[in-house]
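First comes the structure, then the notes that go with it.
All residue numbers in this chain count up from 1 along the given sequence.
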Amino acid sequence: MRSDSIPITICQERKKDPIEMFHSGQLVKICAPMVRYSKLAFRTLVRKYSCDLCYTPMIVAADFVRSVKARDSEFTTNQGDCPLIVQFAANDARLLSDAAQIICPYASGIDINCGCPQRWAVAEGYGACLINKPELIQDMVKQVRNQVENPRFSVSIKIRIHDDLRRTIDLCQKAEATGVSWITVHGRTTEERHQPVHYDAIRMIKESVSIPVVANGDIRNLKEAKTVWQMTGTDGVMVARGLLANPAMFAGYEETPLKCIWDWVDIALELGTPFMCFHQHLMYMMEKITSRQEKRLFNALSSTSAVLDYLTDNYGISLCPAAQPPLVAATANTGTATPFAAVVLLLSLKPVFPENVKPIVLLHRWQKIFSFSVWGKIASFWNKAFLAIIVLLIVLFLDAVREVRKYSSTQVTEKNSASRPGAYEHTQMKLFRSQRNLYISGFSLFFWLVLRRLVTLITQLAKEITNKGVLKTQAENTNKAAKKFMEENEKLKWVLKNHGKDGDQILDTENKKLVEDQEKLKIELKKTSDALFKAQNDVMAMKIQSERLSKEYDRLLKEHSELQNRLEKDKKKSL
């Protein structure tokens, strides 16, 4: 169980007790427990965008109590991560109360998962199967209440509904009588996955109890959240996939803003988020703002540095979001990175200089220079303007060469001298001007090409600085992880050395468990394959039936037209 630190401004609203928030009369906006996703870094991000309460991913209480390693890997928090609810999967009251005692100093409360419909959870006696065991839920709540001394420590449950809603209402009333702080209701049954959410059922549950109720299911934006809140009369709303796609939705954004992506990059790198999690969150965030081709390219990236290069080149995202100048955001809409934008990107990065070397111009002065909106207008057509100026300078240079050759000819000079007086001086003046134009256009062309090369070098330098920072962070995190694993390895060696046979028995037990898990997975895979094969057969049967119906329809249509023709002929004959 680790406590990472990152600078966070903790407002008074988030220091409140969750129960007080539910009784405030305002909409309480909650980040749902999501396996692999609602971890510290993501919770830190959504809190920056008006999320009031966050849940951890589901943690198996038995593993959490028995294994220090499980606690270290499954639960991470810091001072700004509050109020926080830790969700446990449990089917044993004693183990759940032990887990609650361990977690009590670091969280505002725990939540019992009574709604997860996944097969493995139901098979282990966790999740949605608990809604059919109200006595067990009551026992677990009572045990936690008796063991945890803190009276402000909340105990909540998250459930799905029954086909017979009376059973769900009875469950909620029993949980209320036992001392549950609030109930989160996902408005679907255990068998339902993508069917419409039964918000009317949530409203009826809310009307049947006096404790706070939270609505959950298919909420995609703030407008929908407020609609569901008013429709159901609940005290808050919980969102999962909607926040994955847009972590800023509670702040009123319809799509993920670029600043939110900058914040995620900064927070994830600061906390040492694994690449897989870092990348997948970005894939969700950028789902609506990227084309299909861009998605393929971005999803195929395989390293943090590659992701940062992609974001830098296409969206102007740097590792210093607070200092991001408006120009970079303007170029993000064009879909391509301009050389001038690369210059601004470099100037917006944190300065990396040797200790004995100081920059000529300080970073904040560069930021003031490039904070004018005019740069955003220039950047949109910078490449075209650059090429146009190059072409113009070449034309002027060639014209100056032609003029110099024309007025340098002795025949022209003698002819003009013979025709009118003072022509020699006039010709010499024109020769001087053409030579001047030749020098100016030549120097300008050379200077413009040098500037182009300079911009390219600055772009490459910006990428190198970014990569260096990322690789340094990754190296530090890897070293910490390696040191930790080495320590654990030494402990294991000591245990095996001192316990001998007991260690061998532990290893044998673990190996047997792994073999059993492998067999279970094989059985599940076979069942899935059979189901898929059956579904394919059903599709083929439906296709054949559809073709037959289509032929039958054509035949009936043809008979109808023939009958219509006969009827018209009979009418004509009768007339």
Please confirm whether the backbone N or O of Lys142 pairs with a side-chain atom of Asn146, one donor and one acceptor, at under 3.5 Å? yes
So, Asp63 and Arg71, do they make that salt bridge, N to O below 4.0 Å? no
When rounded to the nearest 0.5 angstrom, what is the spacing between OG1 in Thr189 and CD in Gln195? 7.0 Å
Could you tell me if Tyr37 and Gln280 have a donor-acceptor pair between their side chains, going purely by distance under 3.5 Å? yes
Using a strict 4.0 Å threshold on nitrogen-to-oxygen distance, state whether Asp530 and Lys534 make a salt bridge. no
In Å, rounded to the nearest 0.5 Å, how long is the span from OG1 of Thr178 to CD of Gln143? 12.5 Å
Any donor-acceptor pair under 3.5 Å linking the side chain of Ser97 with the backbone of Arg94? yes
Trace of the side-chain contact (heavy atoms from CB on, under 4.5 Å) decision for Leu269 with Leu308: CA-CA 11 Å; Leu269 294 179; Leu308 292 177; 4.1 Å; yes
Nearest 0.5 Å please: distance from the CD1 atom of Ile157 over to the CG atom of Leu130. 9.5 Å
To the nearest 0.5 Å, how far apart are CD in Glu524 and CZ in Arg119? 5.5 Å
Are any side-chain N or O atoms of Thr168 and backbone N or O atoms of His162, one a donor and one an acceptor, separated by less than 3.5 Å? yes
If you measure from CD on Gln87 to OG on Ser38, what distance do you get to the nearest 0.5 Å? 8.5 Å
Reported CD1-to-CG distance for the pair Ile202 and Asn216, which is rounded to 0.5 angstrom: 7.5 Å
Does the side chain of Ser156 pick up a donor-acceptor pair with the side chain of Ser154 at under 3.5 Å? no
Would you call Asp517 and Lys513 a salt bridge, using N to O less than 4.0 angstrom? no
Short side-chain donor-acceptor distance under 3.5 Å, Asp81 and Tyr106: no
Short question: side chain of Glu294, backbone of Ser291 - any donor-acceptor pair under 3.5 Å? yes
Salt bridge (charged side-chain N to carboxylate O under 4.0 Å, His left out), that's the test. Do Lys158 and Asp111 meet it? Break it down for me. CA-CA 7 Å; Lys158 184 174 185 292; Asp111 181 83; over 6 Å; no
Is the shortest side-chain N to carboxylate O distance from Arg152 to Glu20 below 4.0 Å? yes
Donor-acceptor pair between Arg167 and Asn132 side chains, under 3.5 angstrom: yes
Could you give me the CA-CA distance, side-chain angles and deciding distance for Phe88 and Asn113, then say whether side-chain contact (heavy atoms from CB on, under 4.5 Å) is met? CA-CA 6 Å; Phe88 284 112; Asn113 188 327; over 6 Å; no
Would a distance-only check, ignoring hydrogens and angles, find a side-chain to backbone donor-acceptor pair under 3.5 Å from Trp229 to Thr234? yes
